Novice: 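What follows is a structure written as structure tokens; I'll ask about it next.
A quick note: this is a predicted structure, and the numbers were derived from the prediction, not measured. Side chains are part of it too, since the values below use all heavy atoms of this structure and drop only hydrogens, waters and symmetry mates.
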2 protein chains.
Amino acid sequence: MFYTVGEMAKKIGLAPSTLRYYDKEGLLPFVERSSSGIRMFKDADFEWLQVIECLKKTGMQLCDIKRFVEMAMQGDETIDERLFLIKKQHQAVEKQIDALNETLKTLEFKTWYYETAKAAGTTEIPRNMPLSDLPEEYREIRKKLRGE
Amino acid sequence: MFYTVGEMAKKIGLAPSTLRYYDKEGLLPFVERSSSGIRMFKDADFEWLQVIECLKKTGMQLCDIKRFVEMAMQGDETIDERLFLIKKQHQAVEKQIDALNETLKTLEFKTWYYETAKAAGTTEIPRNMPLSDLPEEYREIRKKLRGE
DNA sequence: ACTTGACTTAAAGTTGAGTTTAACTTATAT
DNA sequence: ATATAAGTTAAACTCAACTTTAAGTCAAGT
């Protein structure tokens with residue numbers, strides 16, 4: 001079962017040009033070619049592309065993903081390194097989620113801010129509200145925004 | 001209480017060149033200048049920078065952040081629009097968190113995969129393991145990776 | 001034989017978000 | 001008065017990750 005670059009691109013949801021670019025950059029050393037130079041993607045290559053997409057979503061750069069792929073091509077002697085790298089990325093993603101949750105808190109404060117402003121007809125009401133009148137859950141975040 | 005571009009850059013943790021760039025792009029219309037053209041940041045401007053950083057963290061582009069700032073400069077008539085935009089960004093961030101949690105699941109599968117490979121000395125053991133032997137929590141994710 | 005459509009390549013172009021550079025001005029300390 | 005440190009500008013440069021273009025190859029269908 002082989003796929004051309006266009007077929008695989010469709011299957012994985014990327015542009016064919018992107019797959020060619022990845023190949024050119026050395027991220028797809030496992031993709032074989034026909035005698036006339038046409039890329040022949042296998043089902044196992046789809047799995048590789050999924051892994052590459054997963055690592056991209058963690059924020060890993062293509063050059064680092066390339067090194068991971070190269071490790072895998074070297075075989076079982078690099079299992080330890082690969083395990084370490086995956087664990088590191090897991091940590092990195094957990095950190096990103098924490099950061100986004102912080103961002104959510106700020107957006108929730110701003111939602112309260114504009115809802116209060118909307119009810120009052122002016123942003124002056126929430127802006128000048130004394131800390132003691134502010135809903136308790138927003139006090140810390142307002143302090144942080146104001147650099148206090 | 002005024003800050004130069006360098007002082008404010010330090011306070012907010014960005015490069016002075018970044019603040020100048022934001023100013024040039026029209027993100028900081030509220031920053032005043034001295035008679036000799038020196039930027040004079042106020043404490044209220046620090047709060048603005050924090051909001052800009054928050055919106056950046058949601059993945060919003062600078063040109064869209066600029067439109068938000070411009071709305072705010074227009075005053076109370078845009079409260080509704082701003083509230084809507086903040087709510088939209090809140091949703092967007094929730095979606096990003098969901099995506100990262102999906103990514104975490106894949107990384108957890110890969111961790112199991114390499115830990116099993118490490119114990120066996122070869123990736124062939126986890127790779128060729130029948131679905132029925134696979135820990136239940138990894139079955140769906142392996143199917144997804146293999147495009148099944 | 002010819003058209004169509006998908007493939008190939010190398011190289012140039014794009015986008016977003018800055019950073020760097022060059023030439024210059026201003027403010028402060030000695 | 002001068003050195004130093006920090007500021008100014010516009011414009012060029014960088015970087016990652018693609019995308020587009022130009023020129024060409026190849027296989028299948030009419």
Side-chain angles (χ1 to χ4, degrees), chain A residues 1-42 45 48-69 89 92 96 99 103, chain B residues 1-42 45 48-69 89 92 96 99 103:
Chain A
M1 239 322 215
F2 289 109
Y3 306 83
T4 65
V5 71
E7 287 161 353
M8 185 51 90
K10 202 160 216 172
K11 194 167 153 78
I12 195 98
L14 290 172
S17 58
T18 304
L19 292 184
R20 291 196 193 100
Y21 170 69
Y22 286 178
D23 194 15
K24 197 179 77 181
E25 293 299 303
L27 271 78
L28 316 178
F30 42 79
V31 174
E32 292 175 52
R33 303 283 187 123
S34 74
S35 56
S36 53
I38 306 259
R39 288 176 191 81
M40 293 160 65
F41 287 81
K42 303 175 295 296
D45 300 347
W48 255 119
L49 288 174
Q50 295 269 52
V51 172
I52 289 171
E53 283 311 289
C54 171
L55 292 176
K56 265 210 303 179
K57 285 177 192 156
T58 71
M60 197 185 270
Q61 293 190 16
L62 297 189
C63 60
D64 294 323
I65 296 176
K66 180 183 172 179
R67 289 197 302 115
F68 179 77
V69 173
Q89 284 316 108
Q96 288 175 46
T103 301
Chain B
M1 244 313 221
F2 290 108
Y3 306 84
T4 65
V5 71
E7 287 162 354
M8 185 51 89
K10 201 159 216 171
K11 193 166 154 80
I12 195 96
L14 291 171
S17 57
T18 303
L19 292 184
R20 291 196 193 101
Y21 169 68
Y22 286 179
D23 193 16
K24 196 179 77 181
E25 294 299 302
L27 271 80
L28 316 179
F30 41 80
V31 173
E32 293 175 53
R33 303 286 187 121
S34 73
S35 55
S36 52
I38 307 255
R39 290 175 189 79
M40 293 160 66
F41 288 80
K42 302 175 294 297
D45 300 347
W48 255 120
L49 287 174
Q50 294 269 51
V51 171
I52 288 171
E53 283 311 290
C54 170
L55 292 176
K56 265 211 303 180
K57 284 178 194 158
T58 71
M60 197 186 270
Q61 293 190 18
L62 296 189
C63 60
D64 295 323
I65 295 176
K66 179 183 172 178
R67 290 198 302 113
F68 179 77
V69 172
Q89 283 316 108
Q96 289 175 44
T103 301

Novice: In chain order, what residues pass the salt bridge (Lys or Arg N to Asp or Glu O under 4.0 Å) check against A:Glu25, with sequence neighbours excluded?
Specialist: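 For A:Glu25 there are no salt bridge (Lys or Arg N to Asp or Glu O under 4.0 Å) partners, ignoring immediate neighbours.
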Novice: Do any N or O atoms of the protein come closer than 3.5 Å to N or O atoms of nucleotides 9-11 of chain D, and which pairs are they?
Specialist:
unit_1, atom_1, unit_2, atom_2, d
D:dT9, OP1, B:Arg33, NH1, 2.9
D:dT9, OP1, B:Arg33, NH2, 3.2
D:dT9, OP2, B:Arg39, NH1, 3.3
D:dT9, OP2, B:Arg39, NH2, 2.8

Novice: Looking at A:Arg33 and A:Asp23, is any side-chain nitrogen of the basic one under 4.0 Å from a carboxylate oxygen of the acidic one?
Specialist: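 The answer is yes: the pair qualifies as a salt bridge.
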Novice: I'd like a list of close polar pairs between nucleotides 13-17 of chain C and the protein, N/O only, cut-off under 3.5 Å.
Specialist:
unit_1, atom_1, unit_2, atom_2, d
C:dA17, OP2, B:Leu62, N, 3.4

Novice: Going by salt bridge (Lys or Arg N to Asp or Glu O under 4.0 Å), name the residues that satisfy it together with B:Arg20, two or more places apart in sequence or in a different chain.
Specialist: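 B:Arg20: no salt bridge (Lys or Arg N to Asp or Glu O under 4.0 Å) contacts found.
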Novice: Starting at atom CG of B:Leu28, determine the distance to atom P of D:dT8, rounded to an integer number of angstrom.
Specialist: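 For the pair B:Leu28 CG and D:dT8 P, the rounded distance is 12 Å.
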Novice: D:dG7 P sits how many Å from B:Phe2 CZ, rounded?
Specialist: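 Computing the B:Phe2:CZ to D:dG7:P distance gives 16 Å.
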Novice: Identify the two heavy atoms, one from B:Pro16 and one from B:Ala9, that lie closest to each other, and give their separation to 0.1 Å.
Specialist: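 Shortest heavy-atom separation between B:Pro16 and B:Ala9 comes out as N-CB, 3.6 Å.
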Novice: With a 4.0 Å cutoff (strictly under), does any side-chain N or O of A:Thr18 reach OP1 or OP2 of D:dA17?
Specialist: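 Checking D:dA17 against A:Thr18, no side-chain N or O comes under 4.0 Å of OP1 or OP2.
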Novice: Can you tell me how far P of D:dA17 sits from CG of A:Leu19, to the nearest Å?
Specialist: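 In whole Å, D:dA17 P lies 15 Å from A:Leu19 CG.
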Novice: B:Tyr21 versus B:Leu27: any side-chain heavy-atom pair under 4.5 Å?
Specialist: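 In short, these two side chains do not touch, never coming nearer than 4.5 Å.
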Novice: Check A:Phe2 against A:Glu7 and note the closest heavy-atom contact, atom names and distance.
Specialist: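 What the structure gives for the nearest pair is O-OE1, 3.9 Å.
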Novice: Please report, rounded to the nearest Å, how far the P atom of C:dC7 is from the CZ atom of A:Phe41.
Specialist: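 Answer to the nearest Å: 10 Å.
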Novice: Locate the shortest heavy-atom distance separating B:Ile52 from B:Leu28; write the atom from each residue and the value.
Specialist: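 Nearest pair, atom of B:Ile52 first, then B:Leu28: CD1-CD2, 3.7 Å.
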Novice: Should A:Ser17 be listed as having a side-chain N or O under 4.0 Å from OP1 or OP2 of D:dT20?
Specialist: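 For D:dT20, neither OP1 nor OP2 has a side-chain N or O of A:Ser17 closer than 4.0 Å.
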Novice: Who are the salt bridge (Lys or Arg N to Asp or Glu O under 4.0 Å) partners of B:Glu53, not counting sequence neighbours?
Specialist: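 With sequence neighbours excluded, B:Glu53 shows a salt bridge (Lys or Arg N to Asp or Glu O under 4.0 Å) to B:Lys56, given in chain and number order.
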Novice: Counting distance only, does the side-chain N/O of B:Glu32 pair as donor-acceptor with the main-chain N or O of B:Arg39 below 3.5 Å?
Specialist: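 No, B:Glu32 side chain to B:Arg39 backbone: no donor-acceptor pair under 3.5 Å.
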Novice: Within a radius of less than 6.0 Å around NZ of B:Lys11, do more than 12 heavy atoms belonging to other residues, nucleotides or ligands occur?
Specialist: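 Yes, NZ of B:Lys11 has more than 12 neighbouring heavy atoms, counting only those of other groups under 6.0 Å.
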Novice: Report the distance from atom CD of A:Glu25 to atom C1' of D:dA16, rounded to the nearest whole Å.
Specialist: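 The answer, rounded to whole Å, is 10 Å.
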Novice: Would you name the heavy atoms of A:Pro29 and A:Val69 that are closest together and state the gap between them?
Specialist: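 Shortest heavy-atom separation between A:Pro29 and A:Val69 comes out as CD-CG1, 3.5 Å.
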Novice: Pairs under 3.5 angstrom, nitrogen or oxygen only, protein versus nucleotides 24-28 of chain C, please.
Specialist:
unit_1, atom_1, unit_2, atom_2, d
C:dA27, OP1, B:Ser36, OG, 3.4

